[in-house]
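Here is the structure we will look at, set down as structure tokens.
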Amino acid sequence: MQFNNRFPKQEKLKSVKDIGFLFESGKSFNAFPLRVVYAKKTTKTGILANVGVSVPKKNIKLAVNRNLIKRRIKEAYRINNHELKNGIKNADVELNIMLVYTAKEICTYNQIEEKIKVILNRLNTWCEKGCE
RNA sequence: AGAGCAAAUCGUUCUAUCGCGUUAUGCUUGCAUAAUGAGGAAAGUCCGGCCAGCAAAGAGCAUCUAACCCGGGGAAACGCGGGGUGUAGCAAUGCAACAGCUAGUGCCACAGAAAAUAAACCGCCAGGCCUUUGGCUUGGUAAGGGUGAAAAGGUGAGGUAAGAGCUCACCAGUUAUGACAGUAAUGUUGUAAGCUAGGUAAACCUUUAGAGCUGAAAGAUCAAAUAAACCAAGGAUUGAGGGUUGCUCGCCCAAUCUUGGAGGGUAGAUCGAAAGAGGGUAAAAGUAAUUUUAUUCCCAGAUAAAUGAUAGAAAUCCAAUGAAAAUUGGAUAACAGAAGCCGGCUUAUAGAUUUGUUAUUUUA
């Protein structure tokens with residue numbers, strides 16, 4: 001097990017303004033079943049990355065299943081996020097990230113974890129290139 | 001024994017590691033330790049409340065809700081016990097659209113002559129005319145045919161040109177009105193009227209009873225910067241409007257502009273917001289809903305919204321093998337996630353257990 005694989009409240013993306021700004025001007029790519037929207041923060045807050053998770057009601061009807069998917073995504077991010085944080089730290093930036101679930105069926109934890117790894121690697125290389 | 005019906009209960013448990021929310025404590029002030037963290041429906045938002053706001057918080061209408069009877073319970077909604085009527089079922093038992101189409105209006109597809117101030121397509125009967133085994137036409141006729149979910153009481157007799165509640169007998173129903181039984185709903189029964197009237201109120205509506213309206217995104221407080229609204233002063237303009245719960249009345253206020261004052265509450269923060277018509281246990285009263293007394297507990301509190309992931313056991317279920325013990329493999333379920341709280345209702349629900357009860361089959 002890894003040390004310090006945490007995902008506390010402060011690292012969640014909460015502000016409605018930030019989320020609105022992210023969807024307006026952020027970059028994005030797809031990694032089915034997930035869609036990633038990300039951008040550099042406009043002002044630094046001391047937190048390397050704020051991450052939000054969204055499961056649209058349109059695709060997943062029952063609240064129970066939406067909760068289940070959110071928890072699986074958060075768990076996968078929590079376990080695998082330390083390399084990305086290192087990358088961000090080296091590039092000297094801070095990020096806002098939004099993960100949107102686009103599938104209409106419930107994926108297993110293993111499927112989600114693999115995709116999360118792919119996404120985090122891609123973000124990491126983006127940071128190494130200088131966030132452009 | 002398998003099946004049905006009713007009521008009630010459960011609807012995985014434990015351990016380890018890594019995490020998340022809340023609370024408490026500690027200090028190094030963002031970390032450590034400890035405690036705690038979804039349901040019987042948390043759901044639908046259909047009722048009733050608590051709570052809060054709306055202040056000229058008054059009236060009427062509209063709207064919404066309820067709708068067999070008695071008893072008893074509850075804050076109310078609405079349960080509970082017993083009974084009646086209708087209906088489904090062999091039964092246990094379930095269900096209720098159990099006030100009113102004889103207040104009014106509307107609707108009744110297709111088919112059919114006609115779907116409602118009763119109707120004539122075929123048929124039947126009578127009259128008239130003609131080119132007379134027939135045809136045309138005028139009228140009568142609801143017995144027969146065909147259509148339809150539904151065709152205007154049924155059977156028989158009389159009656160008639162043919163027919164018809166046209167008349168009569170019996171049966172069925174309706175309305176009116178008695179008698180008896182019952183607290184009552186209602187039941188049994190008598191008399192009168194040929195009265196025979198289609199269905200639909202889960203169509204509008206009518207009757208009776210109740211509700212002021214809004215809804216925690218309520219509402220209260222707070223920081224920085226604006227605006228709307230508020231108060232005061234001023235001048236000019238407009239001329240009966242504006243506000244008040246869906247409407248009407250009633251009630252309240254003139255409106256617009258400038259300056260000043262005081263203040264202001266957004267996608268932010270705190271409160272509201274978790275000790276209550278509370279839960280558990282025991283005893284007592286009651287068939288029960290429920291009530292009383294004693295004792296004990298504090299039992300989620302988020303806000304882009306915590307309760308998860310992985311591993312291992314147990315237990316249960318399923319499948320295969322086997323005479324059995326057992327072995328191997330698989331699954332952890334169904335419906336479903338708190339969002340102010342409480343009491344109901346309704347809907348969804350794999351599987352398991354207990355109790356009572358019903359008919360059937362087999363055995364004794």
Side-chain angles (χ1 to χ4, degrees):
Chain A
M1 281 293 168
Q2 299 287 338
F3 293 103
N4 296 324
N5 290 338
R6 301 174 54 98
F7 186 40
K9 209 172 175 180
Q10 295 88 330
E11 290 185 18
K12 285 178 189 165
L13 185 61
K14 289 189 176 184
S15 159
V16 177
K17 272 186 192 174
D18 289 347
I19 292 167
F21 179 77
L22 190 56
F23 277 102
E24 270 178 29
S25 59
K27 299 182 178 184
S28 68
F29 60 87
N30 283 317
F32 188 83
L34 290 163
R35 177 180 170 79
V36 186
V37 185
Y38 59 101
K40 276 195 278 188
K41 286 191 193 177
T42 48
T43 53
K44 290 199 176 182
T45 55
I47 291 162
L48 293 172
N50 280 23
V51 179
V53 177
S54 168
V55 182
K57 206 173 189 176
K58 208 174 173 184
N59 294 343
I60 309 292
K61 230 179 168 186
L62 286 180
V64 173
N65 295 333
R66 285 199 298 277
N67 275 344
L68 180 69
I69 291 164
K70 275 190 203 174
R71 284 166 183 166
R72 281 176 175 170
I73 294 170
K74 279 189 266 181
E75 179 70 9
Y77 172 78
R78 177 181 76 78
I79 288 176
N80 297 295
N81 68 7
H82 58 282
E83 283 188 24
L84 175 66
K85 281 186 180 172
N86 286 336
I88 293 170
K89 215 173 188 177
N90 294 337
D92 194 29
V93 290
E94 291 181 358
L95 292 184
N96 279 336
I97 303 169
M98 195 78 194
L99 301 170
V100 182
Y101 190 81
T102 53
K104 294 191 177 179
E105 283 153 18
I106 302 163
C107 295
T108 62
Y109 175 75
N110 287 335
Q111 285 174 313
I112 290 171
E113 190 176 21
E114 277 182 34
K115 287 295 175 181
I116 288 282
K117 283 179 183 170
V118 170
I119 288 163
L120 294 180
N121 278 332
R122 194 162 161 182
L123 286 173
N124 210 6
T125 50
W126 180 70
C127 284
E128 285 170 5
K129 285 178 186 171
C131 302
E132 288 181 12

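As the structure is a computational prediction, the values presented were derived from the model and not from experiment. By convention in this document, chain letters (A, B, ...) are assigned in the order of the sequence lines, proteins followed by strands, and residues within each chain are numbered from 1.
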Nearest whole angstrom, please: distance from the [atom2] of [N] to the [atom1] of [X].
{"X": "A/Ile116", "N": "B/G19", "atom1": "CD1", "atom2": "P", "result": "18 Å"}
{"X": "A/Lys74", "N": "B/A304", "atom1": "NZ", "atom2": "P", "result": "12 Å"}
{"X": "A/Asn67", "N": "B/A338", "atom1": "CG", "atom2": "P", "result": "8 Å"}
{"X": "A/Met98", "N": "B/A304", "atom1": "CE", "atom2": "C1'", "result": "6 Å"}
{"X": "A/Arg66", "N": "B/A306", "atom1": "CZ", "atom2": "P", "result": "12 Å"}

### Task
Please report the C-alpha distance between A/Leu120 and A/Tyr77 in whole Å, then the side-chain angles of each, then the deciding distance to 0.1 Å, and finally whether the side chain to side chain contact (heavy atoms under 4.5 Å, CB included) criterion is met.
CA-CA 9 Å; A/Leu120 294 180; A/Tyr77 172 78; 4.2 Å; yes
### Task
Using side chain to side chain donor-acceptor pair (under 3.5 Å) as the criterion, list what pairs up with A/Asn30, not counting sequence neighbours.
A/Arg35
#### Entry: Residues that A/Arg71 engages under side chain to side chain donor-acceptor pair (under 3.5 Å), provided they are two or more places apart
none
With syn defined as a glycosidic angle within 90° of 0 and anti as the rest, where does [N] land?
{"N": "B/A38", "result": "syn"}
{"N": "B/G40", "result": "syn"}
{"N": "B/C299", "result": "syn"}
{"N": "B/G301", "result": "anti"}
{"N": "B/G49", "result": "anti"}

Which one is paired to [N], where only Watson-Crick or G-U wobble pairs with both distances under 3.5 angstrom count?
{"N": "B/G286", "result": "none"}
{"N": "B/C98", "result": "B/G84"}
{"N": "B/G198", "result": "B/C108"}
{"N": "B/C20", "result": "B/G37"}
{"N": "B/C51", "result": "B/G215"}
{"N": "B/G58", "result": "B/C249"}
{"N": "B/A220", "result": "B/U270"}
{"N": "B/U25", "result": "B/A32"}

#### Entry: Heavy-atom donor-acceptor pair, A/Glu75 side-chain to B/G308 base, under 3.5 Å
yes
### Query
Between CD1 of A/Ile69 and CZ of A/Arg72, what distance do you get to the nearest 0.5 Å?
7.5 Å
Gap in Å between the two [atom1] atoms, one belonging to [N] and one to [M], rounded:
{"N": "B/U346", "M": "B/C78", "atom1": "P", "answer": "11 Å"}
{"N": "B/A116", "M": "B/A152", "atom1": "C1'", "answer": "9 Å"}
{"N": "B/A150", "M": "B/U358", "atom1": "P", "answer": "42 Å"}
{"N": "B/C213", "M": "B/C222", "atom1": "P", "answer": "33 Å"}
{"N": "B/C205", "M": "B/A38", "atom1": "C1'", "answer": "48 Å"}
{"N": "B/A203", "M": "B/G40", "atom1": "P", "answer": "39 Å"}
{"N": "B/U105", "M": "B/U117", "atom1": "P", "answer": "10 Å"}
{"N": "B/A333", "M": "B/U347", "atom1": "P", "answer": "27 Å"}

### Message
When you measure from the side-chain N and O atoms of A/Lys70 to the phosphate of B/A305, is any distance below 4.0 Å, counting only OP1 and OP2?
### Response
no
### Task
Report yes if a side-chain nitrogen or oxygen of A/Arg71 is closer than 4.0 Å to either non-bridging phosphate oxygen (OP1 or OP2) of B/U307; otherwise report no.
yes
### Query
Any idea which heavy atoms bring A/Arg66 and A/Val55 closest together, and the distance?
CD-O, 3.5 Å
#### Entry: Same apolar cluster (I L V M F W Y, side chains within < 4.5 Å links), A/Val118/A/Phe29
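A/Val118 does not cluster with A/Phe29.
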Every protein N/O lying under 3.5 Å from an N/O of nucleotides 333-336 of chain B:
none

### Task
Would you sort out whether A/Tyr38 and A/Met98 count as a side chain to side chain contact (heavy atoms under 4.5 Å, CB included), showing the intermediate values?
CA-CA 6 Å; A/Tyr38 59 101; A/Met98 195 78 194; over 6 Å; no
### side chain to side chain contact (heavy atoms under 4.5 Å, CB included) evaluation trace for A/Thr125 with A/Asn121
CA-CA 6 Å; A/Thr125 50; A/Asn121 278 332; 5.7 Å; no
### Task
Give the intermediate values and the outcome of side chain to side chain contact (heavy atoms under 4.5 Å, CB included) for residues A/Val37 and A/Ile97.
CA-CA 6 Å; A/Val37 185; A/Ile97 303 169; over 6 Å; no
